[in-house]
Amino acid sequence: MTFGQLRLDGVSRSFGTANALSGLDLAIARGEFVALLGPSGCGKSTALNCLAGLLPLTGGSIWLDDTRIDGQPPEQRGFGMVFQNYALFPHMSVRANVGFGLKMRKVARADARRRVDEALRLVQLTDHAAKFPAQLSGGQQQRVAIARAVVLEPPVVLMDEPLSNLDAKLRLEMRMEIRRLHQTLGLTTVYVTHDQEEALSLADRLVVLRDGAVQQIGTPEEVYAQPVNSYVASFMGYRNLLDVTVTGAAGTSVTVEGAGVRLTGRGSLAQGPAKVAIRPEDFVVGDGTENALDVTVEIVEYHGRELSVSARLENGTPVYFRTDKRLAPGDTTRIGVPAERVLVFEP
Ligand SMILES: Nc1ncnc2c1ncn2[C@@H]1O[C@H](COP(=O)(O)OP(=O)(O)OP(=O)(O)O)[C@@H](O)[C@H]1O
Ligand SMILES: [Mg+2]
């Protein structure tokens, strides 16, 4: 099935009086990879299940071009689903699991066989085709689940935290695999995750959710470098979040004070309370940097080339930074951060 656009218009879903999803507007182009990102309970699975047709909407509509589809049952939409828990048939071989959907659709034997072979080749499981799920590793089972979804050549593939059950190494491998599959097949994909790194590395566009409401929609570059508020910033790794007061503003340059700091940053808000957000990796250790802060090192974590340091200002405010200098607990040092890396938000 070809289409230009999958569109969600004010999609809402409530359970009793609680809004799991409130008014999601999103247009997804064919071939696009969109990630829904947010913490536990923010409405990611609700959005995905509404798209799949597994959960009826309580408001809004879903469209494939000019066709309204939110009244259609899941099988009529024909979207591929990859669940967090794989949901493979334990009594069927890998080949039979992958071919199941084609059999249900009464696809001719020879054609089905060719398509299953192709899907197994894509996920690199050709040599495991005769095995049963219990004889496979977690990553291999996950790849069977992905092959089963893509073999039907669905117009849209929906994935709900497909990598969350895997160990760190396998997760990285499968992430590459999913990206490669997307590049090869160009399937329109909606991918749910609470892992910002996974979302940034996989998706063409990110949708950041909070309590069922969209906070920001943008490319990885946009959401990473220009978070729209301190919630998105904290989710994108701006670990230093300080409550301050704006004491001066000129254009997009803002001076803030409070929490034991006096900083120049960027933002566009008038005098009054504000929140400052700085990434640990944007601090530089040494004299002669802008926005100097004197800190005492408390905890040092080893990360290969770099150290991740927890320190405190004189007034006790915690500050987190990264450095390749060999610092130790108890050391005092001066750190600084360029003004353009200091983001100032409404509190
Ligand atoms: N069947 C249900 N009945 C009542 N409340 C529900 C139901 N399903 C979800 N909710 C609520 O809706 C909100 C969103 O749930 P959802 O499963 O979409 O979150 P999520 O972002 O996928 O979280 P997680 O990362 O933990 O999977 C939560 O507050 C949840 O408790
Ligand atoms: Mg979920």
Side-chain angles (χ1 to χ4, degrees), residues 6-26 28 33-62 69-71 73-74 77 79-88 138-139 141-142 145-146 148-149 154 156-168 170-172 174-175 178 188-218 220 223 227-237:
L6 170 64
R7 206 169 69 252
L8 294 87
D9 274 349
V11 167
S12 303
R13 170 70 209 196
S14 52
F15 295 101
T17 55
N19 257 347
L21 198 63
S22 37
L24 174 57
D25 290 321
L26 179 66
I28 301 165
F33 195 123
V34 171
L36 306 183
L37 177 66
S40 184
C42 72
K44 304 180 297 291
S45 295
T46 301
L48 212 65
N49 290 331
C50 285
L51 265 172
L54 299 171
L55 201 57
L57 314 186
T58 48
S61 52
I62 303 175
I69 62 164
D70 54 270
R77 298 183 203 190
F79 294 174
M81 274 292 270
V82 181
F83 296 96
Q84 184 168 340
N85 56 6
Y86 320 144
L88 301 178
Q141 292 181 42
Q142 190 61 73
I146 292 170
R148 191 177 55 177
V156 177
V157 180
L158 308 172
M159 299 197 190
D160 194 351
E161 310 232 18
L163 308 185
S164 59
N165 285 343
L166 307 180
D167 67 46
L170 211 46
R171 211 156 50 223
L172 284 183
M174 285 303 299
R175 198 163 91 186
I178 288 173
T188 310
T189 307
V190 183
Y191 186 99
V192 161
T193 178
H194 63 270
D195 181 339
Q196 51 111 352
E197 210 181 290
E198 207 170 286
L200 286 169
S201 61
L202 278 173
D204 299 318
R205 245 167 2 127
L206 269 53
V207 179
V208 185
L209 292 169
R210 177 190 196 174
D211 295 338
V214 172
Q215 301 292 296
Q216 184 166 7
I217 300 179
V223 179
V228 293
N229 58 34
S230 60
Y231 172 86
V232 177
S234 77
F235 216 77
M236 284 294 134

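Atoms within each ligand, like the ligands themselves, are counted from 1 in listed order.
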Legend entry - Any side-chain heavy-atom pair of Leu8 and Ile28 under 4.5 Å: yes
Inset, instruction - For ligand 1, list the protein residues that place a heavy atom within a distance below 4.0 Å of one of its atoms, sorted by chain and number. - result: Phe15, Ala20, Pro39, Ser40, Gly41, Cys42, Gly43, Lys44, Ser45, Thr46, Glu161
Inset, instruction - Compare all side-chain heavy atoms of Arg13 with those of Pro56 and state whether any distance is below 4.5 angstrom. - result: yes
Legend entry - Given Val157, Val190, Ile178, the one that forms side chain to side chain contact (heavy atoms under 4.5 Å, CB included) with Phe33: Ile178
Inset, instruction - Tell me, please, which residues at least two apart from Asp160 pass side chain to side chain donor-acceptor pair (under 3.5 Å). - result: Ser45
Inset, instruction - Apply side chain to side chain contact (heavy atoms under 4.5 Å, CB included) to Ala149 and list each qualifying residue two or more places apart in sequence or on a separate chain. - result: Val82
Legend entry - Rounded distance (nearest 0.5 Å) linking atom CG of Leu88 with atom CD of Gln141: 6.0 Å
Legend entry - Minimum side-chain heavy-atom gap Phe79-Leu54 below 4.5 Å: no
Inset, instruction - Would you mind telling me which of Gln216, Arg210, Met236 makes a side chain to side chain contact (heavy atoms under 4.5 Å, CB included) with Tyr231? - result: Arg210
Legend entry - Residue-atom pairs from the protein, N, O or S only, that lie under 2.8 Å from the Mg ion (ligand 2): Ser45 OG
Inset, instruction - For the residue pair Leu55 and Phe15, establish whether any side-chain heavy-atom pair is separated by less than 4.5 Å. - result: yes
